[in-house]
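Only one structure is covered here, and it is reproduced in the block below.
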2 protein chains.
Amino acid sequence: MNESPGVVDLLGVLAYAELSAFARMTEDAASLAPSLADQAALSELAVAEYAHFRLLHDRLTELGADPERAMSPFVEALDAWHTQTAPADWLQALVKAYVGVGIALDFYREAASHLEPSIAKLVDEVLVDEGRSEFVVERVRAGVAADPALSGRLALWARRLVGEALSQGQQVAAARPELALLVVGSAAEDQTQISRLFAKLTEEHGKRMAALGL
Amino acid sequence: MNESPGVVDLLGVLAYAELSAFARMTEDAASLAPSLADQAALSELAVAEYAHFRLLHDRLTELGADPERAMSPFVEALDAWHTQTAPADWLQALVKAYVGVGIALDFYREAASHLEPSIAKLVDEVLVDEGRSEFVVERVRAGVAADPALSGRLALWARRLVGEALSQGQQVAAARPELALLVVGSAAEDQTQISRLFAKLTEEHGKRMAALGL
């Protein structure tokens, strides 16, 4: 295995992020969707996450890594995020899916800019699915139009989602310096670089909130 | 729409069977799997169920039917089956997946023998995935080898799974005579034909139990 030391970590954290997103979205779709059509729409998004998981899993195997071992250091942080952000209703579930997928795609994009071509290609394959969660925008906007009081409540919810994500992310970065290094692409001043990355993720999040009308 | 009157019912019941199996297997995988590799293996099976759901959904749309309306008469019976058969542990979840997928495939096969070619083709596409659940056989056999006392308990569990399925199936058949007619392929003596079909499903189930070593 001739990869940078953080590559297995990077593929591992993304793989478990996708696997856990798949499971939680599927569960939210089954338990919170107001109709079978809505359940199917969110399930469709969940299955796309599973396809990303499979790409990452296969890439790990090709690199000679054990996918399970690569994922396990990140199970606790990602499970904690999901536990802290269990949606209470359908619109919260949709906002969570949109915000979660959005942060993950930002993270892929950021990581891709510092990576060897073989991984960058995988990132391209994942980014093809950008736009899949656009149905969420339409449904959240319709929900808020029908009940404008929801807007503030969902905006608060979205802030909580991203806040908990950054908090878990900071802990992961501190525990896995090689991963952090790989994602921010700089050996020196990595805390500053991490702060810069987080600022960028926050900025992209703001754009997504605007798209949702929140 | 020039199809037999039961065709939309048939596609509808199969579509919801696949969508609900997808959701429950994914949930069982996330909550009961003893390792990430096991979670991924059962999730893989769940995603294959989702692909079948999509085929059935698209076929319904092509026929000019509303997939949601086609599925809704069967939600109660299938949800009741899942509620009555919520697995308590990982081996129960595996046996449920194997038995459930097996019964569904028997049902596809049986229905296909009485259907117009366009539906038979869809059934062929679904049956390509036969064999996917073979990993279950290996894991259940290993589990029973490690603890032979599990054998009787799992055999009882499997009987309950199939018993509850036949009971729900009988109610559905009584409520939807055109569907029953289509599946058994006979206008006369349909109660006898339904009994014959159920006897056949029970026989196939017995073969699956033998494969599992139960």
Side-chain angles (χ1 to χ4, degrees), chain A residues 11-61 65-76 78-79 82-83 86 93 132, chain B residues 11-61 65-76 78-79 82-83 86 93 132:
Chain A
L11 296 172
V13 69
L14 290 172
Y16 190 68
E18 297 287 13
L19 184 62
S20 58
F22 157 73
R24 301 298 179 130
M25 274 188 211
T26 301
E27 199 184 324
D28 292 345
S31 59
L32 299 172
S35 73
L36 292 174
D38 285 316
Q39 181 181 348
L42 188 57
S43 299
E44 187 77 30
L45 199 59
V47 169
E49 300 296 287
Y50 189 79
H52 300 164
F53 162 72
R54 202 187 280 145
L55 284 172
L56 293 155
H57 179 279
D58 293 352
R59 194 76 192 90
L60 279 163
T61 307
D66 173 358
E68 190 164 359
R69 256 176 81 184
M71 289 190 276
S72 56
F74 309 105
V75 168
E76 199 184 320
L78 282 155
D79 283 359
H82 282 294
T83 303
R132 258 191 194 275
Chain B
L11 295 173
V13 69
L14 290 173
Y16 190 69
E18 297 286 13
L19 183 63
S20 57
F22 157 72
R24 300 297 179 130
M25 273 186 212
T26 301
E27 199 183 324
D28 292 345
S31 59
L32 299 172
S35 73
L36 293 174
D38 285 315
Q39 181 181 348
L42 188 56
S43 300
E44 188 78 28
L45 199 59
V47 169
E49 301 295 287
Y50 189 81
H52 301 163
F53 161 73
R54 201 186 280 146
L55 284 173
L56 294 155
H57 179 278
D58 293 351
R59 193 79 191 88
L60 280 162
T61 307
D66 173 358
E68 188 163 2
R69 257 176 81 182
M71 288 190 276
S72 54
F74 309 106
V75 167
E76 200 183 319
L78 282 155
D79 283 358
H82 282 293
T83 303
R132 259 190 193 278

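Numbered from 1 within each chain, the chains take letters A, B, ... in sequence-line order.
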Report which part of [X] has an atom under 4.5 Å of a heavy atom belonging to chain B: side chain, backbone, both, or neither.
{"X": "A:Ala40", "answer": "both"}
{"X": "A:Gln39", "answer": "side chain"}
{"X": "A:Ser35", "answer": "both"}
{"X": "A:Arg24", "answer": "neither"}

Set of residues satisfying side chain to side chain donor-acceptor pair (under 3.5 Å) with respect to A:Glu27, sequence neighbours excluded: none
Heavy-atom side-chain contact between B:Thr26 and A:Tyr50 under 4.5 Å: no
Contact listing (chain B partner; residues 66-74 of chain A; heavy atom under 4.5 Å): A:Glu68, A:Met71, A:Ser72
All ring pair (Phe, Tyr, Trp, His ring centres under 6.0 Å) counterparts of B:Tyr16, not counting sequence neighbours: none
All ring pair (Phe, Tyr, Trp, His ring centres under 6.0 Å) counterparts of A:His52, not counting sequence neighbours: none
Winner by heavy-atom pair count (cut-off under 4.5 Å) against chain B, out of A:Ala23, A:Ala51, A:Ala46, A:Ser43: A:Ser43
